[in-house]
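Here the structure is laid out as structure tokens; the discussion comes afterwards.
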Amino acid sequence: MTPGSATSRDPRTWSRAKRNRYGWFMTFSLLFLMMLSWADKAVLGIAAVPLMKQLGITPEQFGLVGSAMFLTFGVAQIVAAPIANKISSKWILLVLCLLWSVAQVPILLFASLPALWASRLLLGAGEGPLAPVLMHGIYKWFPAKKGATPAALASSGVTLGIVAFAPVLAWVIGQFGWQTAFAVLATVGLVWSIFWFIVGKEGPYTSRKAEQELDGIAPEETPVVAEAKVSYWRTILSPSWIFAVLASFFGYWTFTLAMSWGPAYFQNVLGFSGQQAGTMIALPAAWGTIATVGLSALTQRLHLKGVPTRKARGWVLGAAGTFAGACLVGATMTTSPILSIALMVFGFGTAPALFAITYLVVAELTTIGQRGANLSIANAVLTTGGVFAPAVSGFLIGGAATPADGYRAAFALAGGLMLTFGILALVFVNQQRDRRRLGLDVAAGFSLEAPTPVATGSAIEAVPASIEAGTKA
């Protein structure tokens with residue numbers, strides 16, 4: 001029996017303890033879905049060497065295929081944003097996961113370059129809306145002050161998916177061929193869809209009012225903030241928005257590069273076997289999990305101490321980007337293979353830790369009612385880094401005198417861009433300045449320079465209000 005499957009089916013009638021138990025059950029279920037989504041992204045890179053050999057694909061062509069998914073990825077996010085407020089998260093997530101499984105069919109039926117294109121384009125359309133819809137679903141199971149930990153856990157699926165699935169998929173490819181790996185992911189997606197159809201539910205925390213009614217919170221305990229609408233363009237053109245999003249844009253570029261070309265690099269340049277390469281690519285992902293949790297904890301600790309968010313978030317974001325870029329640049333300059341791999345682990349692994357901090361910075365630059373749309377726009381922009389990274393790197397690798405030179409150029413480019421925009425984020429991200437310019441710091445008693453009862457400074461806690469505002473159950 002699953003948690004909460006007793007008499008009443010309506011979570012609003014359950015006890016607080018029962019809602020909490022089922023909320024965590026939903027969180028772990030969605031953590032697995034997030035892990036599966038990144039396994040779907042990474043499998044192309046893990047299968048790169050045998051796939052390119054069998055189909056006669058050049059590095060330039062493979063790079064374009066790797067970028068194909070992200071052509072539909074960002075568009076799907078924007079299209080799905082208003083739908084998430086009208087249709088139950090359960091059904092949207094079910095459709096998305098089924099779409100991922102269907103996306104593998106062209107590869108299984110027609111192993112060809114056009115089939116790869118069709119598969120990755122369809123996969124991008126299904127993967128694009130996942131993160132905001134998934135977070136929306138989790139936040140509806142917890143009060144605003146308690147939503148950060150489950151949301152952070154689900155977010156860790158970005159890197160945990162690589163850690164868990166990459167070695168397994170590499171083994172499957174080595175034993176049964178690269179097409180079998182795609183079949184395995186399609187099957188896992190179908191099994192999860194059946195599971196979710198049976199156990200998936202919508203949480204009851206659909207608004208601040210619902211939270212007050214369910215948990216007996218007095219209205220005066222909810223902070224008051226300025227709600228006059230701010231032009232989206234004014235927000236987007238603020239220096240904090242531009243440089244925070246660009247830092248994560250190149251973070252996404254860097255991590256996508258690792259997933260797309262990392263396994264092939266370990267095989268073609270360093271001489272590892274396919275199974276060893278699958279294990280090696282899990283190393284930066286493992287560090288990414290540590291970095292994501294660690295940086296989120298650091299921003300929260302600084303914010304709770306009353307440190308202005310320019311430092312607690314902006315400086316942490318910039319410093320992390322600078323560190324990641326410096327590590328990658330260093331990896332291309334050292335002659336020691338062991339040191340080079342270690343620096344790649346830190347460089348590639350730190351990149352995905354930037355995303356959550358960027359979302360938090362963006363959430364500060366808008367009103368509660370507009371945050372959901374602003375976060376969707378920011379996410380659509382930063383994930384387009386995935387459009388450029390595989391393709392640009394493919395042309396660098398294919399056009400170089402040797403594969404080693406090509407990979408070195410691709411890694412140096414990613415590292416240099418990360419380093420540059422990490423430094424720029426340190427200099428130009430200043431939420432307090434831009435909030436004043438946007439007219440957001442006008443409500444009495446509210447300031448992002450000190451902790452509030454709701455926004456405690458973790459990487460995702462600023463988001464619940466943005467998603468809940470105007471949302472239907």
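Side chains included, hydrogens not; waters and symmetry mates left out as well; all remaining heavy atoms used.
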Tabulate below the donor-acceptor pairs under 3.5 Å that side-chain atoms of residues 114-125 make, not counting sequence neighbours, or state none.
from: Ser119; atom 1: OG; to: Ala103; atom 2: O; distance (Å): 2.6
from: Arg120; atom 1: NH1; to: Asp40; atom 2: O; distance (Å): 3.2
from: Arg120; atom 1: NH2; to: Asp40; atom 2: O; distance (Å): 3.4
from: Arg120; atom 1: NH2; to: Lys41; atom 2: O; distance (Å): 3.1

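- For the ring pair (Phe, Tyr, Trp, His ring centres under 6.0 Å) condition, the pairs that include at least one residue of residues 373-408, sequence neighbours left out, are Tyr265-Tyr407.
- Checked against the 6.0 Å centroid threshold, Phe62 and Trp261 count as a close aromatic pair.
- Scanning all heavy atoms of the two residues, the minimum distance from Ala291 to Gly349 falls at CB-O, 4.5 Å.
- Contact of the Phe197 side chain with the Trp91 side chain is registered, since non-hydrogen atoms from C-beta on lie closer than 4.5 Å.
- Under a 3.5 Å cut-off, the side chain of Ser260 and the backbone N or O of Leu257 do not form any donor-acceptor pair.
- Contact annotation: the side chain of Leu96 approaches that of Pro129 to within less than 4.5 Å [non-hydrogen atoms, C-beta and beyond].
- Closest of all the heavy-atom pairs between Leu354 and Gly321 is CD2-N, 3.7 Å.
- Less than 6.0 angstrom separates the ring centroid of Phe355 from the ring centroid of Tyr252.
- Looking only at side-chain heavy atoms (C-beta outward), Arg310 and Arg433 stay at 4.5 Å or farther from each other.
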Item to complete: Take Ile242 and Val429 through the test side chain to side chain contact (heavy atoms under 4.5 Å, CB included) and record every step on the way to the result.
Response: CA-CA 8 Å; Ile242 291 171; Val429 173; over 6 Å; no
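- Across all non-hydrogen atoms, the minimal contact from Ile281 to Gly262 is CD1-CA, 4.0 Å.
- Of the N and O atoms on the side chains of Trp287 and Thr350, at least one donor lies less than 3.5 Å from an acceptor on the other residue.
- Here Arg437 pairs with Asp434 under the salt bridge (Lys or Arg N to Asp or Glu O under 4.0 Å) rule; sequence neighbours left out.
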Practice prompt. Check step by step if side chain to side chain contact (heavy atoms under 4.5 Å, CB included) holds for Ile57 and Val65.
Written response: CA-CA 10 Å; Ile57 296 175; Val65 169; 5.5 Å; no
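- Panel note: side chain Gln61, backbone Thr58; a donor-acceptor pair is recorded below 3.5 Å.
- Ring geometry for Phe73 against Phe70 counts as tilted: the plane angle lies between 30° and 60°, on a 0 to 90° scale.
- By the 4.5 Å heavy-atom criterion applied to side chains, Gln432 and Asn430 are counted as neighbours.
- Here the side chains of Gln275 and Gln175 are in contact, with some heavy-atom distance below 4.5 Å.
- A donor-acceptor pair under 3.5 Å links the side-chain atoms of Ser37 to the main chain of Met34, judged by distance alone.
- Between Gln276 and Phe266, the closest side-chain pair of non-hydrogen atoms is not below 4.5 Å.
- Remark: side-chain polar atoms of Trp315 are not paired, donor with acceptor, to backbone N or O of Thr309 under 3.5 angstrom.
- The only member of Trp241, Phe243, Phe421 that meets ring pair (Phe, Tyr, Trp, His ring centres under 6.0 Å) when paired with Phe428 is Phe243.
- A donor-acceptor pair under 3.5 Å is absent between the side-chain atoms of Thr384 and the main chain of Val387, judged by distance alone.
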Name every donor-acceptor pair, under 3.5 Å, that has one atom in a side chain of residues 324-341 and the other anywhere in the protein, sequence neighbours excluded.
from: Thr332; atom 1: OG1; to: Val329; atom 2: O; distance (Å): 2.7
from: Thr334; atom 1: OG1; to: Ser336; atom 2: N; distance (Å): 3.2
from: Ser336; atom 1: OG; to: Leu339; atom 2: N; distance (Å): 3.3
from: Ser340; atom 1: OG; to: Ala331; atom 2: O; distance (Å): 3.0

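- For residues 321-340, there are no ring pair (Phe, Tyr, Trp, His ring centres under 6.0 Å) pairs, not counting sequence neighbours.
- Within 6.0 Å of atom NZ in Lys311, 12 or fewer heavy atoms from other residues, nucleotides or ligands are found, so the atom counts as exposed in its surroundings.
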Worksheet item: So Thr27 and Trp141, side chain to side chain contact (heavy atoms under 4.5 Å, CB included) or not? Walk me through it.
Response: CA-CA 9 Å; Thr27 298; Trp141 278 103; 5.9 Å; no
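- In plain terms, the two heavy atoms of Phe250 and Leu417 that are nearest each other are CE2-CD1, 3.5 Å.
- In terms of modelled atom types and a separation under 3.5 Å, the side chain of Gln179 and the main chain of Ile107 share a donor-acceptor contact.
- A donor-acceptor pair is defined here as one N or O able to donate and one able to accept, closer than 3.5 Å; no such pair exists between the side chain of Thr358 and the backbone of Val245.
- Remark: Ser231 OG to Ile236 CD1 distance equals 8.0 Å, nearest 0.5 Å.
- In this structure, Phe249 and Thr383 have side chains that are not in contact, with every pair of non-hydrogen atoms separated by 4.5 Å or more.
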Item to complete: For Leu130 and Val133, run side chain to side chain contact (heavy atoms under 4.5 Å, CB included): C-alpha distance rounded to whole Å, both residues' side-chain angles, the deciding distance at 0.1 Å, then the answer.
Response: CA-CA 5 Å; Leu130 175 66; Val133 175; over 6 Å; no
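- Across Arg435 and Thr366, no two heavy atoms sit closer than the pair NH1-O, 4.3 Å.
- Using a 4.5 Å heavy-atom threshold, the side chains of Val392 and Trp253 count as touching.
- Of all heavy-atom pairs between Ser156 and Leu31, the closest is OG-CD1, 3.9 Å.
- Checked against a 6.0 Å centroid threshold, the rings of Phe142 and Trp24 count as neighbours.
- Listed for the Trp196 side chain is a donor-acceptor partner under 3.5 Å among the backbone atoms of Lys90.
- For the side-chain hydrogen bond (donor to acceptor under 3.5 Å, both in side chains) condition, the pairs that include at least one residue of residues 159-172, sequence neighbours left out, are Thr159-Thr289.
- The pair Glu202-Lys140 counts as a salt bridge, with a side-chain nitrogen and a carboxylate oxygen less than 4.0 angstrom apart.
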